[in-house]
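Every value quoted in this text rests on a predicted model; they were computed, and no experiment measured them.
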There are 2 protein chains.
Amino acid sequence: MEQENNNTMPKYSRLKEYLKEQMKRGVIAPGSQLPSENMLAEEFKISRHTVRQALNDLENEGLIFREQGRGTFRSYPTSGKGKIVALVTTYISEYIFPEVIRGIEEVLSAAGCTLLLASTGNDQKKEAACLESLLQQKISGLIIEPTQSARKNVNLKYYRDLEKRGIPYLMLHAYYPELDPAYIIMDDEKGGYMAAEYLIQLGHKKIAGVFKADDRQGVKRRDGFLKALKKYGVKITPDLLGAYETAQLYSYPYQFGRALFAKGEQPTAMVCYNDQIALMVLEALRDEGIKVPEEFSLLSFDDSSLAVASEVKLSSIKHPKAAMGRQAARFILDMIEDKVIKVRQVYQPELILRSSCRALV
Amino acid sequence: MEQENNNTMPKYSRLKEYLKEQMKRGVIAPGSQLPSENMLAEEFKISRHTVRQALNDLENEGLIFREQGRGTFRSYPTSGKGKIVALVTTYISEYIFPEVIRGIEEVLSAAGCTLLLASTGNDQKKEAACLESLLQQKISGLIIEPTQSARKNVNLKYYRDLEKRGIPYLMLHAYYPELDPAYIIMDDEKGGYMAAEYLIQLGHKKIAGVFKADDRQGVKRRDGFLKALKKYGVKITPDLLGAYETAQLYSYPYQFGRALFAKGEQPTAMVCYNDQIALMVLEALRDEGIKVPEEFSLLSFDDSSLAVASEVKLSSIKHPKAAMGRQAARFILDMIEDKVIKVRQVYQPELILRSSCRALV
DNA sequence: TATTACAAGTTGTCTGCACAAGTAAAAAAA
DNA sequence: TTTTTTTACTTGTGCAGACAACTTGTAATA
């Protein structure tokens, strides 16, 4: 693997590769004895010292163990147990991540693996630091939610490094097309389209939208949203289209909500990037004295616990959350076991109707 | 260390110990070059091969690195960086845990450490499995929230094992007194007392309470609650005192809420184990047609995001959440660095007033 | 001055040998 | 038959030497 089997490779390395291959193929079963050092030396026409060099390496890698006077044996592979799978998300406590993480942890712990957790705060510098420290650990696989996925990623080299080391990784929620990785995502564009279409079919003509600008999910949802407006001939008004970045998360949505009616436009409905945003907009609308859903329809994404916690139960586009996490964990385990090379799954959006939208009469 | 420095020890082992000692004393500084193999061979009157045997071991232990043509160098000790701290909580996604976890992760990643996460679902069997697999990993420290802390713990042996291995651990939210461990907890009894006292001072005379029975936090909060009732001479009615265990989490609180007024008692206020329970009770009260806070006062614990998500903003006893997580992480890091042996911190409860309670006139 | 070639020193690979220490089974002795 | 000893094997430790591959500083060259 490391090099070709040509003669440029040192003899002890060739022996190592040979033995590894034999183990992989099952010719040398776990627990069974390897040929003695002298036999290997004779067979490969190399000195015993060179054989020992190879065996020392294999011993350090944990593939074999030796007992003085008895012989050398293949060690019992721990069969996936005790492996570490790393998870890097943008956030840990916010939004729907806790549930996704729970789903992942569920499957991993059931498989006897442990979960190494890190978060980036959606900051590429922190993502670099995370990957840096994860690469120091002996991780068997990585599930990662890309950071500011709509921007150019500066940390591609870490992913290349993972590939070099043969550590599989799986991207969640979004992915960098340059890497052509395994991924599990939502069909966010379709989701955006469905959201807008639903409001249009309720009779809304002036529909606002606010989306996250630095995540691919946000861009996709907006694209689908605009696509639906265009398809149904609904006018797209710049004033009604909001965009924010991570840093503005706690200020922009409320302000946008307060400013919605200031500019003469009189929107009757709105699509929000997610429930978190929708609640902030809801707060703004309440402060403006506008009642939801009587005077204004609100539709958002992710169907999080927030959607049912408020007095107005939000209609929202479902996110599989824990199920997606479990699926991601199963996939990465399969990838670690070499069962599958590259998985790709796209969840179809589904609209959960509650009481935040109303048909215009 | 492994043996005495007598002659029974192999030569290469003696050289290893010698070099380790030199590094420990700082004679060989990190990054600095070691004597060449030939020099060491000459100095110790051993063959170069034997020197290499020692150096190979040290290289595998990560203490030195070698560069062909340049020499052998002491590697830079990662000084606390790259260490793994494990965290075992009852839940990951529910309740306030995400925020606690976030706080912990914040501090750890800033210190260059990584977080190994596992959850028990408040099940002692799963706790055993967690600890089992964690002990296989090279963890430097452990933060753990005890499982069903009000019950007798069957997993004490794992903690003894940790102690034997010199791996520090810190208990969160509750602790097993048998272990006399380091801990960070809330003063739950005082919190329960404060909650009841507040409602009593508002003029309530019939106060219900529902608490978790299998966690020490629940028991303590109930104890404080009852203590206050007794002190102020408020009658304690068994029908108004609810207790549930983990398995009943999603059924009991709602049923208890619905049944509150069936038995002739007419409580005017209630203390709930936490916000999550309070919301379920709130749902039950709504279905019973009872308005909060007009007809009924509700007070709960933890000041979680749920407390402000509902239409009735819950008054709640504050939980430090992320701050507590950060503190826990700082403590465990200190313990790993041997700066402190055993830390103990008890957070004082604080009542956050919102709009779920009203004074009786 | 800048470049190239060389020399000295480093670790990497490899051979061959010898004996020690430990295991397991066969052989010998009780 | 049971016990002890021997023997033949295993891996562990150690020596001496050789050349390859690589780095670095110095000397020779352009």
S.K.: So, OP1 or OP2 of dT10(D): does either fall under 4.0 Å of a side-chain N or O from Thr72(A)?
M.R.: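 It does not, given that no N or O in the side chain of Thr72(A) lies less than 4.0 Å from OP1 or OP2 of dT10(D).
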S.K.: Rounded off to whole Å, could you give me the CG-to-C1' distance for the Leu55(A) and dG12(D) pair?
M.R.: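 Computing the Leu55(A):CG to dG12(D):C1' distance gives 13 Å.
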S.K.: Would you say Asn153(A) and Glu178(A) are linked by a side-chain donor-acceptor pair, where the criterion is simply a distance under 3.5 Å?
M.R.: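 Their side chains do not contain a donor-acceptor pair, so the 3.5 Å distance test is not met.
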S.K.: Can you tell which of Ile143(B), Leu142(B), Leu179(B) makes a side chain to side chain contact (heavy atoms under 4.5 Å, CB included) with Met171(B)?
M.R.: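 Looking at Ile143(B), Leu142(B), Leu179(B), the match for Met171(B) under the side chain to side chain contact (heavy atoms under 4.5 Å, CB included) is Leu179(B).
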S.K.: Go through dG12(C), dC14(C), dT23(C) for me and flag the one nearest to the Arg48(B) side chain.
M.R.: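 Closest nucleotide to the Arg48(B) side chain: dG12(C).
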S.K.: Reckon Thr50(B) has a side-chain N or O less than 4.0 Å from the OP1 or OP2 of dC15(D)?
M.R.: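 For dC15(D), OP1 or OP2 has a side-chain N or O of Thr50(B) closer than 4.0 Å.
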S.K.: If I take atom NZ in residue Lys16(B) and atom C1' in nucleotide dG14(D), what distance separates them, rounded to the nearest angstrom?
M.R.: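 Roughly 16 Å, once rounded to whole Å.
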S.K.: Mind calculating the distance between CD (Gln53(A)) and P (dT13(C)) to the nearest angstrom?
M.R.: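 Rounding to the nearest Å, CD of Gln53(A) and P of dT13(C) are 6 Å apart.
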S.K.: Using whole Å, report how far NZ of Lys11(B) lies from P of dT13(D).
M.R.: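 Roughly 13 Å, once rounded to whole Å.
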S.K.: Report yes if at least one side-chain N or O of Arg66(B) is closer than 4.0 Å to OP1 or OP2 of dT10(C); otherwise report no.
M.R.: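 False: Arg66(B) side-chain N/O out of range (4.0 Å or more) of dT10(C) OP1/OP2.
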S.K.: How are the rings of Tyr18(B) and Phe44(B) set to each other: parallel, tilted or perpendicular (split at 30° and 60°)?
M.R.: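 The arrangement is perpendicular - the two ring planes meet at more than 60°.
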S.K.: Counting side-chain heavy atoms from CB outward, which of dC22(D), dG14(D), dT15(C) is closest to Gln68(B)?
M.R.: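 Closest nucleotide among those given: dC22(D).
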S.K.: Calculate the interatomic distance between Lys45(B) atom NZ and dC15(D) atom P; express it in whole Å.
M.R.: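 Checked: the NZ to P distance equals 12 Å.
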S.K.: Determine: side-chain N/O of Arg70(B) to OP1/OP2 of dT24(D), distance under 4.0 Å, yes or no.
M.R.: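 True: Arg70(B) side-chain N/O within range (under 4.0 Å) of dT24(D) OP1/OP2.
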S.K.: In whole angstrom, what separates Asp57(B)'s CG from dT13(D)'s P?
M.R.: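 To the nearest whole Å, that distance equals 9 Å.
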S.K.: Can you tell me how far P of dA18(D) sits from CZ of Arg52(B), to the nearest Å?
M.R.: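 In whole Å, dA18(D) P and Arg52(B) CZ are 17 Å from each other.
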S.K.: Does dG9(C) have OP1 or OP2 under 4.0 Å away from a side-chain N or O of Ser36(B)?
M.R.: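 Looking at the OP1 and OP2 atoms of dG9(C), neither is under 4.0 Å from any side-chain N or O of Ser36(B).
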S.K.: Counting N and O atoms only, with roles assigned by atom type, does the side chain of Arg66(A) sit under 3.5 Å from a partner on the main chain of Glu59(A), one being a donor and the other an acceptor?
M.R.: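 It does not hold such a pair.
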S.K.: Check the distance between dT11(C)'s C1' and Ile64(B)'s CD1 and give it to me in whole angstrom.
M.R.: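 Rounded to the whole Å, the gap is 11 Å.
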S.K.: Take a 6.0 Å sphere around CD of Glu67(B) and say whether it holds more than 12 heavy atoms from other residues, nucleotides or ligands.
M.R.: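 Yes.
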